[in-house]
Amino acid sequence: MAARPPRTPAADSVTPGERHWTGDAIREAFLSFYAARDHVRLPSASLVPEDPTVLLTIAGMLPFKPVFLGQAPRPAARATTSQKCIRTNDIENVGRTARHHTYFEMLGNFSFGDYFKAEAIRWAWELSTEVFGLDPRQLVVSVFRDDDEAANIWREEIGVNPKRIIRMDEADNFWVSGPTGPCGPCSEIYFDFQPERGDEGLNLEDDSRFIEFYNLVFMEFNRDAEGNLTPLAHRNIDTGMGLERMAQILQRVPSNYETDLIFPLIETAAALAGITYDSADARRRTSLKVIGDHGRAVTQLIADGVSASNLGRGYILRRLLRRVVRHGRLIGIEGSFLPRLGDAAITLMRPAYPQLEERRPAILAELEREEERFLATLERGERLLAEVLASQPRQITGAQAFELYDTYGFPLELTEEIAEEHGLSVDVAGFEAAMEEQRQRAKAAAVSIDLTLQGALAVVAAELEGTVFTGYDALEQPACVVALVTDGASREQAEAGDSVGIVLDSTPFYGEGGGQVGDRGVLSGGSAETPGDGLIVSIEGVNRNRSVFVHNGRVERGVLRLGDVVTARVDRSCRRRAQAHHTATHLLQAALKLVVDPAIHQAGSLVDFDRLRFDFHCPRAVTVEELRRVEELINGWISDAHALEVREMALERAKAAGAVAMFGEKYTEVVRVVDVPGVSMELCGGTHVANTAEIGLFKIVAESGVAAGIRRVEAVAGAAVLPYLNEREGVVKALAERFKAQPAEIVERVSSLQEELKASQKALAAAREELALSRARALAATAEAVTAAPDEEPFRVLVARLEGVEGGALQTAAQELAERLGERAAVVLGGLSDPGDPGKVHLVAAFGPAVIGRGLKAGAFIGAVARMCGGGGGGRPNVAQAGGRNGAALNDALEQAREDLRRGLNS
RNA sequence: GGGGAAUUAGCUCAGCUGGUAGAGCGCUGCGAUCGCACCGCAGAGGUCAGGGGUUCGAGUCCCCUAUUCUCCA
């Protein structure tokens, strides 16, 4: 990018020939600095965290949180990472300040019970001053108020000027992971853009002068529920250096946005809008910055397998995408541009994140799809707003603006903009009030669930060693009972009839995971050599709690005690069926990639005993023809009898070999690779057949959509195919019998029956109406003349029964009669719609204009008649319908109606 | 997790406070034209998402379910 003048007079400290630091170079320098100090260099974890209670990776240490909390083994004594992070809590500030981002990278070095304050401080200083070449006179450090130890190290060992060591309170320099748990003081390093202002009264909050770029957390205490601090047995170091901030400092630009980590995206967006960043006004600059920031965020989110949706992280992605589109419009970009922005983002970040390149087609497709969707939303909103404006209101109310926003996703700013074009204002205060109300509602509903609740099993599991799993090779083996849980509490023994959770030291039972269900089987007393007391425990399923396998079972006979040695035996037939489905799932993924789209990847999977379910990212439905080809391909592979090769290898090697990994899944360094040579290679911990021939047959049962952009294929394989076919055959047989047809003829028979039915229904309706009309015409002659005065033209009153006519036809008849009889006609028809059922009375009245002029209204009139038949009704003054339940009263009611008409018309 | 909205002809949508389901585009046929586009006339096409309820009567009101959209967390 072009060199930009620094905002501050720091330029005088630049020495000629000084190294130019690109963002990539800064990252590399950090990681290799710590790698040279025995840190294991780990790749950035996914933005989608393993912890299901956390929406996104919001900090560099998040992937290590379970390690710090003692819930997971440490990956190494020391580690260093560059972690991608997403934060959206103060999204409104993005682009308005120099440093707020939704997407950023956190460089970090970590010590898990290894080195502590002295090394952390020394290395941080060395890295900052010697590697990055920052002038010590331009650095300021902060320490926690009570942390004399850290202050001493800075002063004595490093030699920092005491005036440039600032003590801070808990709010700024004491780190906690939650109300309880590990915590400790921090120490931060700040860069001073204006060292010439001296050392007196330094205010680190002044971010026009200072920027914090390195935070060192010294985790040394555990805080209990009462707030007491006790020293930790293993003290940890957790640090974070904001990559964008360091780039801002080293590249001497006024904000993070002008570093080479983001600026190329801003330039891309500006070019698309036909403007330049330098000449843009403040509002457009802000929009450009938002696009630059969000462009990185959305690209990385999609690459990590997030797809836009209306909940959870999918919703965060959607919101970011829509903000990009909106700001694009604000700076004058017309038409679709997200794919081009995404393309630039991939190219920009590709050097550090090669997987972006692999996912390029999927990322661009998602961007395009989502942009299109948002444009449709905007169009709909504009239409609705136009309707509101058409009523020429004095202003747009808060409720109206909120409805547009809340229900139809139409942004407030756009409502304001369009209203302004019509010379109207929007009640923003009312809008905010409605929004606040909605927030309160959501909050009130949220407290009802308690995320901190942990079951007894989780507590037990946390204290145990991991279970050794032997089930890849063995289906039966002796094992020792190391824990028992019934009714949520740890027990010494369980008796016949008890439902119990059992942990064994080792087990052949597969624990539910990776989509595959847990094994079923039996634990029996004793071993082959020493038969027990007839103990039998049936196992219905096995869950995994971290690496501890919990067998859920029921004691059928005997007594199960802690410490017992039992024989654990997996149900072979169930296991075989699960294995067939699991291998078939791998074949399915491979086949879908070949037939439908190479970009297809898994979004979820279920491997059960009687079926398999595979969810995958795919923007459209898979066609029937494609499904047929997928089936053929898979059955071909099955009959080719491929022998599976399962081996363990280093993650990097597996990836290099082309093994399919799940996005967002975190893998250990050594992974298990399931290889169907030439067909499919996946990282997988599940159990599989030894040879594809064992699967026997594969049959797709259903294809459907689960969510926008996600499709689901359900299938059966192996032994599970037979029951499926039998069930289907049963249906066909029953149909064949009922239709007295050969199975192959059923479809034709049904459709011809349908046509016949439709035709005869139509004919019947037409005939009925025709009949009703002709009977009605015959009735016309029976109309009675009612005269009010001798010299006046008489009214024509017709009251009659007309049976077997549906409401609609009856009304047609009455209207036609009324028309024939002229504008002085009053027609009332009534009858049973079904002559055999006195419970369904239909009544119709049709009055000519002159009758209405006499104050008689068909609606009210027919209502009164219907009430005599136990019903009610109404309609318009000229024509009305009614009904009742009491057919026996119909004649009297009609007679009454005739009387009423006479009286009403001759007065 | 909690709100709001939508679902009507192949497509885009009307359908006001319950009273025989409509429009535009598309489709088919006929007319007009040397032929096409345009145009004129006629026609086909709907268990109003599914289920339950209220009512004499429900596309319309109420409840449940499904799908989609959307906001909040």
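Labels below follow one simple rule: chain letters A, B, ... track the order of the sequence lines, proteins then strands, and each chain is numbered from 1. All values below were derived from every heavy atom in this structure, side-chain atoms included, with hydrogens, water molecules and symmetry-related copies excluded.
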>> With a sphere of 6.0 Å drawn around CZ of A:Arg801, does it hold more than 12 non-hydrogen atoms of other residues, nucleotides or ligands?
In response: yes
>> Please give the distance between the P atoms of B:rG57 and B:rG10 as a whole number of Å.
In response: 30 Å
>> Check A:Asp608 with A:Arg613, please: is the shortest side-chain N to carboxylate O separation under 4.0 Å?
In response: no
> How far does the P atom of B:rA5 sit from the matching atom of B:rU65, given to the nearest Å?
Replying inline: 16 Å
> Under a 3.5 Å cut-off for both distances, is B:rC36 Watson-Crick or wobble paired, and to whom?
Replying inline: none
> Expressed in whole Å, how much space separates the P atoms belonging to B:rC13 and B:rG52?
Replying inline: 29 Å
>> Can you measure A:Phe410 atom CZ to B:rA5 atom C1' for me and round it to whole angstrom units?
In response: 16 Å
>> Pairing check on B:rU17: which nucleotide meets the Watson-Crick or G-U wobble criteria with it, both distances under 3.5 Å?
In response: none
> Can you tell me if A:Arg854 uses its side chain to pair, donor with acceptor, with the backbone of A:Leu905 under 3.5 Å?
Replying inline: yes
>> I'd like to know if A:Glu816 pairs up with A:Arg777 as an ion pair, taking the criterion as any Lys NZ or Arg NE/NH1/NH2 lying under 4.0 Å from an Asp or Glu carboxylate oxygen.
In response: yes
> Between A:Asp427 and A:Thr397, do the side chains contain an N or O donor and an N or O acceptor separated by less than 3.5 Å?
Replying inline: no
>> If I take atom CD in residue A:Glu382 and atom P in nucleotide B:rC69, what distance separates them, rounded to the nearest angstrom?
In response: 20 Å
> Mapping A:Lys840 and A:Gly873 onto RNA chain B by nearest heavy atom, which one lands closer to the 5' end?
Replying inline: A:Gly873
> Which whole number of Å gives the distance between the P atom of B:rU7 and that of B:rU12?
Replying inline: 12 Å
>> Starting the side chain at C-beta, find the nucleotide from B:rC72, B:rU20, B:rG4 nearest to A:Gln811.
In response: B:rU20
> Expressed in angstrom and rounded to an integer, what is the separation of A:Ile316 atom CD1 from B:rU70 atom C1'?
Replying inline: 16 Å
>> Please report the distance separating the C1' of B:rA49 from the corresponding atom of B:rG24, rounded so that it comes out in whole Å.
In response: 24 Å
> Rounded to whole angstroms, how far apart are CD on A:Gln881 and P on B:rU20?
Replying inline: 6 Å
> Does A:Gln438 get its side chain close enough to the base of B:rG4, under 3.5 Å, for a donor-acceptor pair?
Replying inline: no
> For A:Arg867 and B:rC56, is the shortest distance between a side-chain N/O and OP1 or OP2 below 4.0 Å?
Replying inline: no
>> Assess whether a salt bridge exists between A:Glu371 and A:Arg322, defined as any Lys/Arg side-chain N lying under 4.0 Å from an Asp/Glu carboxylate O.
In response: no
>> Can you see if the side chain of A:Arg383 gets near the phosphate of B:rC13 - specifically, an N or O under 4.0 Å from OP1 or OP2?
In response: yes
>> Under a 3.5 Å cut-off for both contacts, is B:rU67 paired Watson-Crick or G-U wobble with anything, and if yes, with which nucleotide?
In response: B:rA6
> Considering only side-chain heavy atoms of A:Arg319, which listed nucleotide, B:rC72, B:rG4, B:rC69, is closest?
Replying inline: B:rC72
> How far does the C1' atom of B:rG18 sit from the matching atom of B:rU60, given to the nearest Å?
Replying inline: 6 Å
>> Pairing check on B:rG29: which nucleotide meets the Watson-Crick or G-U wobble criteria with it, both distances under 3.5 Å?
In response: B:rC41
> Does any nucleotide pair with B:rA23 by Watson-Crick or G-U wobble geometry, both distances under 3.5 Å, and what is it?
Replying inline: B:rU12
> B:rU17 and B:rU67: how far apart are their P atoms, nearest whole angstrom?
Replying inline: 30 Å
> Do A:Gln815 and A:Glu819 have side-chain N/O donor and acceptor atoms under 3.5 Å apart?
Replying inline: no
>> With hydrogens left out and only the distance checked, is there a donor-acceptor pair under 3.5 Å joining A:Thr812's side chain and the base of B:rU20?
In response: yes
> Do A:Gln300 and A:Asp304 have a side chain donor and acceptor closer than 3.5 Å?
Replying inline: no
>> Nearest whole Å is fine: how far is B:rG19 P from A:Asn878 CG?
In response: 13 Å
> Under 4.0 Å: is that the gap between some side-chain N or O of A:Arg318 and OP1 or OP2 of B:rU70?
Replying inline: yes
>> Need one value for A:Gly409: base, sugar-phosphate or nothing, where a base atom within 4.0 Å counts as base even if backbone is also close, heavy atoms only.
In response: sugar-phosphate
>> Rounding to an integer number of Å, can you tell me how far A:Asp406 CG sits from B:rA6 C1'?
In response: 14 Å
>> What contact category does A:Glu437 fall into here, base, sugar-phosphate, or nothing, at under 4.0 angstrom with non-hydrogen atoms?
In response: nothing
> With respect to the side chain of A:Arg373, which nucleotide from B:rG19, B:rC69, B:rC72 is positioned closest?
Replying inline: B:rC69
> Whom does B:rG57 pair with, Watson-Crick or G-U wobble, provided both distances fall under 3.5 Å?
Replying inline: none
> In whole angstrom, what separates A:Gln400's CD from B:rA5's P?
Replying inline: 16 Å
> How do A:Gly872 and A:Arg380 order along RNA chain B: which one's closest nucleotide is nearer the 5' end?
Replying inline: A:Gly872
> Can you find a side chain N or O atom of A:Tyr315 that sits less than 4.0 Å from OP1 or OP2 on B:rC71?
Replying inline: yes
> Would one find a side-chain N or O of A:Arg885 under 4.0 angstrom from OP1 or OP2 of B:rC56?
Replying inline: yes
> From B:rC69, B:rC72, B:rU20, pick the nucleotide closest to the side chain of A:Thr377?
Replying inline: B:rC69
>> Any base atoms under 4.0 Å from A:Ala882, or only sugar-phosphate, or nothing? Heavy atoms, all strands.
In response: base
> If you measure from the P atom in B:rC11 to the same atom in B:rG50, how many Å do you get, rounded?
Replying inline: 15 Å
> In whole angstroms, how far is the C1' atom of B:rU70 from the CZ atom of A:Phe374?
Replying inline: 11 Å
